S.K.: 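Mind looking over this structure? Questions follow.
Quantities reported herein were computed from a predicted structural model and do not represent experimental measurements. Here is how names work: the chains are called A, B, and so on, in the same order as the sequence lines, proteins then strands, and each is numbered from 1.
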Amino acid sequence: MAEPKQNEKDPELDLFFAAARTEADAPLPGALHARILSDAHDAAASRESTPRVPLWRRIWNDLGGLPLVTGLATATLAGLWIGGTSPAMLDTFWDNVAGETLALDTYFLDVDSVLEGI
Amino acid sequence: MSDHDALSDDALLLLYAKGDMAAARVLTARLAPRCLAFSTRMLKGDRAEAEDVTQDAMLRLWRQAPKWDADGTAKPGTWLLKVAGNLCIDRLRKGVHVDLDAIDAPADPAPGPMEQMAAQDRVRALDAALATLPDRQRQAVILRHIEGWSNPEIGLTMDITVEAVESLISRAKRGLKAVLAPQKEELSDG
C-alpha cells in the first residue's frame with residue numbers, strides 16, 4: 001500500500017480515510033461467497049471439458065483448411081510442370097492455344113498406346 | 001492455517017488454474033471482501049449491485065487464471081479492482097438506481113465501544129460525501145486514500161496521466177471537505 005506523501009496529508013480528511021481503510025475488510029456475505037466459489041467450479045470444469053487442439057491442427061485451420069491447401073498443391077504442380085517443360089513445347093502449346101487447333105497428344109500420353117501396352 | 005495461506009495471490013491463481021479449488025477458496029477470502037467494499041463505495045452504497053459486480057469481477061479472474069502472467073506487473077488484487085472499477089462505471093452510466101438514504105443505515109447494528117462507533121459514523125459520513133462526487137473523482141480518491149494505490153497505478157488503471165490523477169484527487173478532496181465540514185466537530189473527536 002502506498003502511503004500518502006507528506007504534502008498529500010490532509011488532517012481534515014485523514015481521520016475519515018483511516019476509518020474507511022479499517023472497515024474495508026468486513027467479511028463476505030455467505031451467499032455471495034457461495035456464488036463466487038460456484039463460478040470458480042464452473043470455470044474450472046468448462047476448461048477441463050474443452051478439448052485441447054494440437055498445434056498442427058491450429059496451423060492447418062489458420063491456413064484455411066482443406067480448400068486452401070488443395071489450391072496451393074494444384075498451383076505447385078502447375079509450377080513444376082511449367083518449369084519442367086522445354087521452351088519449344090511451350091511455343092507449340094501457345095501456338096495451338098492461340099490458333100484454331102490444339103493437339104493434346106503433344107502433351108499427354110496416347111491412351112490407346114498405353115492400353116495396348118497392358 | 002493451511003499451506004495455501006502462506007502463498008502469494010499469483011501463486012494461488014496459478015494453482016487454481018491447475019484445478020486446485022482450495023486455492024480458489026483462499027483467493028476469494030483474500031480478495032473478494034475488498035472488492036465488495038470498493039464496489040459498494042463506487043456504486044454509492046448500492047450493496048446489491050456491488051455484490052453483482054464483485055461476483056462478475058471474480059468470475060473474470062477465474063477465467064483469466066490459465067492465461068495469468070505471474071511474472072507480469074499486474075497483481076490479482078489490483079487487476080480485480082481495475083475490473084470492478086470499470087464494471088461500476090459502466091453500471092453508473094447505465095443509470096443504476098442508487099438509494100443514497102441506504103448509506104446511512106449501519107452495516108452492523110450491534111453496539112460497540114465508543115471509538116468503534118465513532119469510526120463507523122466517520123465511515124458513513126465519508127461514504128455519503130463520496131456519493132456526491134463525480135464517478136471518476138470518486139474512483140481516484142478511493143483508490144488513492146482508501147485502497148492505498150500510488151498515483152501512477154491509478155493512472156494506468158484509469159488510462160490517464162499522473163497529473164490528471166492528481167487533479168482528480170485534488171478536486172475530489174475539495175468536494176469531500178465541502179460536504180464534511182459541517183459535520184467536522186461532531187465526527188472528529190470520536
Side-chain angles (χ1 to χ4, degrees), chain A residues 1-69 72, chain B residues 16-21 23-25 27-29 32-38 41 47 51-52 54-56 58-59 61-63 65-66 107-108 118-127 129-130 141-142 144-153 166 169 173 176-177 180-181 184 187-188 190:
Chain A
M1 179 182 276
E3 286 297 322
K5 295 174 194 164
Q6 194 58 41
N7 61 1
E8 287 184 300
K9 297 267 185 195
D10 194 327
E12 286 182 73
L13 293 175
D14 284 347
L15 202 60
F16 294 92
F17 291 139
R21 281 196 295 270
T22 308
E23 204 187 67
D25 290 318
L28 207 61
L32 176 60
H33 187 262
R35 291 205 307 270
I36 290 171
L37 286 181
S38 174
D39 285 344
H41 274 286
D42 292 347
S46 75
R47 277 201 301 275
E48 286 165 10
S49 63
T50 305
R52 283 180 172 271
V53 180
L55 181 63
W56 70 267
R57 185 82 201 181
R58 274 181 277 158
I59 294 171
W60 173 269
N61 291 339
D62 289 346
L63 281 174
L66 187 63
L68 192 117
V69 174
L72 278 175
Chain B
Y16 163 71
K18 292 174 184 169
D20 185 340
M21 287 309 298
R25 279 192 290 277
L27 268 178
T28 301
R34 177 137 291 205
C35 183
L36 178 60
F38 170 74
R41 287 203 167 89
R47 186 80 171 181
E51 288 193 11
D52 285 349
T54 301
Q55 184 182 357
D56 196 350
M58 288 298 293
L59 176 59
L61 184 67
W62 302 140
R63 288 177 178 160
D108 179 4
Q120 286 173 354
D121 287 345
R122 283 182 211 125
V123 173
R124 280 196 290 277
L126 176 63
D127 287 344
L130 284 168
V141 81
I142 290 172
R144 182 73 188 99
H145 287 283
I146 299 178
E147 301 303 329
W149 289 21
S150 67
N151 288 345
E153 282 176 320
E166 289 169 354
I169 292 174
K173 287 168 87 170
L176 290 176
K177 281 181 197 175
L180 292 171
K184 189 181 164 193
L187 295 166
S188 293

S.K.: So which of B:Met58, B:Met21, B:Arg25 has the biggest tally of heavy-atom pairs under 4.5 Å with chain A?
M.R.: B:Met21

S.K.: With side chains defined as the heavy atoms from C-beta onward, is the minimum distance between B:Asp121 and A:Phe16 less than 4.5 Å?
M.R.: no

S.K.: Please identify which of these residues, B:Thr54, B:Asp52, B:Leu59, meets the side-chain contact (heavy atoms from CB on, under 4.5 Å) condition with A:Arg35.
M.R.: B:Asp52

S.K.: Has the side chain of B:Arg63 got a donor or acceptor atom that lies under 3.5 Å from a matching backbone atom of A:Ala43?
M.R.: no

S.K.: Restricting to non-hydrogen atoms, name the atom on A:Leu28 and the atom on B:Ala32 that form the minimum distance, rounded to 0.1 Å.
M.R.: CD2-CB, 3.6 Å

S.K.: Just so I know, are the side chains of B:Gln55 and A:Asp39 near enough to count as touching, which here means a heavy-atom distance under 4.5 Å?
M.R.: yes

S.K.: Inspect the surroundings of NZ in B:Lys177 and state if more than 12 heavy atoms from other residues, nucleotides or ligands are less than 6.0 Å away.
M.R.: yes

S.K.: Could you give the distance from CG (A:Asp42) to CH2 (B:Trp62), rounded to the nearest 0.5 Å?
M.R.: 12.0 Å

S.K.: If I compare all heavy atoms of A:Ala19 with all of B:Arg122, which pair ends up nearest, and what's the gap?
M.R.: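 Heavy-atom minimum between the residues: CB-CB, 4.1 Å.
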
S.K.: Nearest 0.5 Å, please: how far is CG in A:Leu32 from OG1 in B:Thr28?
M.R.: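 Atom-to-atom, B:Thr28:OG1 and A:Leu32:CG are 9.0 Å apart.
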
S.K.: Do the non-hydrogen side-chain atoms of B:His145 and A:Asp10 ever get within less than 4.5 Å of each other?
M.R.: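 The answer is no; the side chains never approach within 4.5 Å.
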
S.K.: Quick check on A:Leu13 against chain B: is it the side chain, the backbone, both or neither that has a heavy atom closer than 4.5 Å?
M.R.: side chain

S.K.: What part of B:Tyr16 lies closer than 4.5 angstrom to a heavy atom of chain A: side chain, backbone, both or neither?
M.R.: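 Backbone plus side chain of B:Tyr16, per the 4.5 Å heavy-atom cut-off to chain A.
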
S.K.: Which heavy atom of A:Ala20 sits nearest a heavy atom of B:Ile146, and at what distance?
M.R.: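 Smallest interatomic distance, heavy atoms only, reads CB-CD1, 3.8 Å.
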
